[in-house]
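Okay, structure first, notes after.
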Amino acid sequence: MTALLAYPNVSEGRDADAIEQIGAAFGEGLLDVHSDPDHHRSAYTLTGAPGQLAGAVVRGAARAVELITIDDHDGIHPRIGAIDVAPIIYLREADRGAASAEALVLADLLAEQLGLPVFLYGVLAGGRTRAELRRGGPAELARKMHASELTPDFGPRRLHSTAGAVLVAARPPLVAFNVELKPPATLADAKAIAARIREGGPDGCPGLRAIGLWLSASGLAQVSTNVEDHRATPLAAVVAAVMRHADVAGAELVGLAPLAAFEGFPNDVPLRGYATIEDSLHRRAHTA
């Protein structure tokens with residue numbers, strides 16, 4: 001049977017009870033939850049068959065809409081909604097069509113059942129990026145919608161009063177991976193390094209998206225990345241790129257990653273949150 005993944009990210013990373021309630025609403029297909037108080041964000045990974053996964057995502061999204069008010073959000077991660085992104089992920093190229101169809105069903109359900117404006121990104125939107133849609137936050141997105149500079153692909157032509165908007169895509173696995181810098185590195189250092197190593201930068205890595213952030217809880221600067229092609233840019237290459245400009249305190253995986261992404265990862269760099277898609281699916285298959 002074709003197995004797809006969904007990776008909804010919600011704008012809540014501090015309220016343990018809310019995070020648990022949203023996870024429970026996603027149902028029995030939930031594989032992993034990663035929450036971060038500085039980012040004020042939780043990333044959920046769940047699996048399901050075509051025709052079923054979109055409904056599971058909507059059930060969790062509905063609980064998120066009930067519990068999260070985007071105007072109250074003060075996390076450091078860019079976002080435009082309570083359910084900021086909800087991509088459908090295919091693990092085999094042969095399942096790309098099924099994932100695309102499921103993503104479109106999900107977009108329609110989020111709009112019709114929850115009243116959310118939905119913007120497609122990636123291949124379903126001609127290559128439009130998350131960063132383009134998030135730039136300026138909810139206020140700028142609302143302005144663009146009011147001025148008809150941007151029109152949602154599904155749903156109302158205005159932001160939800162408390163939950164904002166949501167971004168939906170169909171894509172292969174993306175690895176969310178953060179690298180913390182050793183003191184006395186600053187936020188300015190993290191931003192400069194991110195600009196150098198992201199795709200298109202002077203030392204750019206293929207398919208790498210990167211921003212610099214400051215983690216107040218730990219007092220560390222962080223280079224926060226999305227690795228869109230882990231075969232072209234394994235996580236070891238991301239660490240090496242950062243280390244050319246600063247000493248590294250440690251690294252963090254957000255959610256699950258393909259096993260191949262860890263090839264050659266340095267043993268002397270502490271890695272938090274190690275978990276693979278393959279292991280998680282294997283455990284689920286043997287406990288179902």
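Any value given below was found using the heavy atoms of this structure, including those in side chains, with hydrogens, waters and symmetry copies removed.
Using a 4.5 Å cut-off on side-chain heavy atoms (C-beta onward), Val238 and Cys205 make no contact. Looking only at side-chain heavy atoms (C-beta outward), Val118 and Asp153 stay at 4.5 Å or farther from each other. Using a 4.5 Å cut-off on side-chain heavy atoms (C-beta onward), Asp15 and Glu12 make contact. Side-chain contact between Val168 and Pro87 is absent, with no heavy-atom pair separated by less than 4.5 Å. The shortest distance between side-chain heavy atoms of Val175 and Pro258 falls below 4.5 Å. The shortest side-chain heavy-atom distance between Phe262 and Pro234 does not fall under the 4.5 Å cut-off. Two residues are said to be in side-chain contact when any heavy atoms from C-beta on lie closer than 4.5 Å; Val223 and Ile197 meet this criterion. Contact annotation: the side chain of Ile68 approaches that of Val10 to within less than 4.5 Å [non-hydrogen atoms, C-beta and beyond].
In the hydrophobic clustering of this structure, Leu253 groups with Val269; members are Ile, Leu, Val, Met, Phe, Trp, Tyr whose side-chain heavy atoms approach within less than 4.5 Å, directly or through other members. A continuous path of hydrophobic side-chain contacts links Ile193 to Val239 [ILVMFWY only; heavy atoms under 4.5 Å]. A single hydrophobic cluster is not seen to contain both Leu106 and Leu174; linkage of ILVMFWY side chains at heavy-atom distances under 4.5 Å, directly or through other members, places them apart. Phe177 is not connected to Leu213 by any chain of hydrophobic side-chain contacts under 4.5 Å among Ile, Leu, Val, Met, Phe, Trp and Tyr, and they are in different clusters. A continuous path of Ile, Leu, Val, Met, Phe, Trp and Tyr side chains, each step under 4.5 Å between heavy atoms, connects Val105 with Leu4, placing both in one hydrophobic cluster.
Ala99 approaches Tyr90 most closely through the heavy-atom pair CB-CD2, 3.6 Å. Considering every non-hydrogen atom in both Ala195 and Pro202, the closest pair reads O-CD, 3.9 Å. A pairwise comparison of heavy atoms in Thr233 and Pro206 identifies OG1-O, 2.7 Å as the closest pair. Closest of all the heavy-atom pairs between Gly115 and Pro156 is O-CG, 3.4 Å. Nearest heavy-atom pair across Leu124 and Ala170 is CD1-N, 3.8 Å. Here the closest non-hydrogen pair linking Ala56 and Leu46 is CB-CD1, 3.9 Å.
Judged purely by atom type and a 3.5 angstrom limit, Asn226 has no side-chain atom pairing as donor or acceptor with the backbone of Glu228. At distances below 3.5 Å, at least one donor-acceptor pair connects side-chain atoms of Asp229 with backbone N or O atoms of Ala232. Of the possible polar contacts, none joining the Arg196 side chain to the Gly201 backbone as a donor-acceptor pair under 3.5 Å is found.
Between His286 and His282, the ring planes lie tilted relative to each other; the angle falls in the 30° to 60° range.
To the nearest 0.5 Å, the span separating CZ on Arg171 from CD1 on Ile88 amounts to 10.0 Å. One distance of note links CG of Leu220 with CG of Asn178; it measures 12.0 Å at 0.5 Å rounding. To the nearest 0.5 Å, atoms OH (Tyr274) and CG (Asp279) are separated by 6.0 Å. Between atom CG of residue Leu120 and atom CG of residue Leu104 there is a gap of 6.5 Å, rounded to the nearest 0.5 Å. Taking CG of Leu5 as the start and CG of Leu31 as the end, the distance is 6.5 Å to the nearest 0.5 Å. Rounding to the nearest 0.5 Å gives a distance of 3.5 Å between CD1 of Ile19 and OG of Ser42.
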Exercise for review: Dump the intermediate steps for side-chain contact (heavy atoms from CB on, under 4.5 Å) on Tyr44 and Leu30, then the final yes or no.
Suggested key: CA-CA 7 Å; Tyr44 298 84; Leu30 185 66; 3.9 Å; yes
Point to revise | Asp203 vs Arg198, salt bridge (Lys or Arg N to Asp or Glu O under 4.0 Å): CA-CA, chis, key distance, verdict | key: CA-CA 7 Å; Asp203 305 324; Arg198 70 172 67 111; over 6 Å; no
**Study point:** Check against ring pair (Phe, Tyr, Trp, His ring centres under 6.0 Å), His73 and His40
**Key:** CA-CA 8 Å; His73 194 277; His40 203 358; 4.5 Å; yes
Exercise for review: Check the pair Leu67, Gln21 against side-chain contact (heavy atoms from CB on, under 4.5 Å), reporting the backbone distance first and the verdict last.
Suggested key: CA-CA 9 Å; Leu67 296 171; Gln21 287 188 51; 4.0 Å; yes
Point to revise | Candidate pair Asp38 and Ser216, rule side-chain contact (heavy atoms from CB on, under 4.5 Å), full reasoning | key: CA-CA 7 Å; Asp38 284 305; Ser216 297; 3.9 Å; yes
Practice item. Would you please test Ile76 and Leu215 for side-chain contact (heavy atoms from CB on, under 4.5 Å) and show each step? Key: CA-CA 8 Å; Ile76 60 176; Leu215 305 180; 3.8 Å; yes
Exercise for review: Report the C-alpha separation of Glu252 and His34 in whole Å, then their side-chain angles, then the decisive distance to 0.1 Å, and conclude whether the side-chain hydrogen bond (donor to acceptor under 3.5 Å, both in side chains) test is met.
Suggested key: CA-CA 11 Å; Glu252 174 188 39; His34 181 281; 3.0 Å; yes
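Under the 4.0 Å criterion applied to side-chain N and carboxylate O atoms, Glu140 and Arg135 are not assigned as salt-bridge partners. We find that Asp84 and Arg130 are not joined by a salt bridge, their nearest charged nitrogen and carboxylate oxygen being 4.0 Å or further apart. We find that Arg41 and Asp36 are not joined by a salt bridge, their nearest charged nitrogen and carboxylate oxygen being 4.0 Å or further apart. Using a 4.0 Å cut-off between charged side-chain N and carboxylate O, Lys182 and Asp189 make no salt bridge. Classification of Glu180 and Arg272 as a salt-bridged pair holds, one side-chain N sitting under 4.0 Å from a carboxylate O.
Heavy atoms of other residues, nucleotides or ligands lying less than 6.0 angstrom from NZ of Lys191 number 12 at most. Heavy-atom neighbours of Asp74 CG from other residues, nucleotides or ligands within 6.0 Å: above the threshold of 12. Within a 6.0 Å sphere centred on CZ of Arg158, other residues, nucleotides and ligands contribute 12 heavy atoms or fewer. More than 12 heavy-atom neighbours from other residues, nucleotides or ligands sit within 6.0 angstrom of CZ on Arg143. The local environment of CD in Glu278 is crowded, with over 12 non-hydrogen atoms from other residues, nucleotides or ligands closer than 6.0 Å. A 6.0 Å sphere centred on CD of Glu20 holds no more than 12 heavy atoms belonging to other residues, nucleotides or ligands.
No side-chain donor-acceptor contact under 3.5 Å links His77 and Asn9.
The other members of the hydrophobic cluster of Met145, by chain and number, are Ile80, Val85, Phe119, Tyr121, Leu133, Leu141, Leu150, Leu159, Leu167 (side-chain heavy atoms under 4.5 Å, ILVMFWY only).
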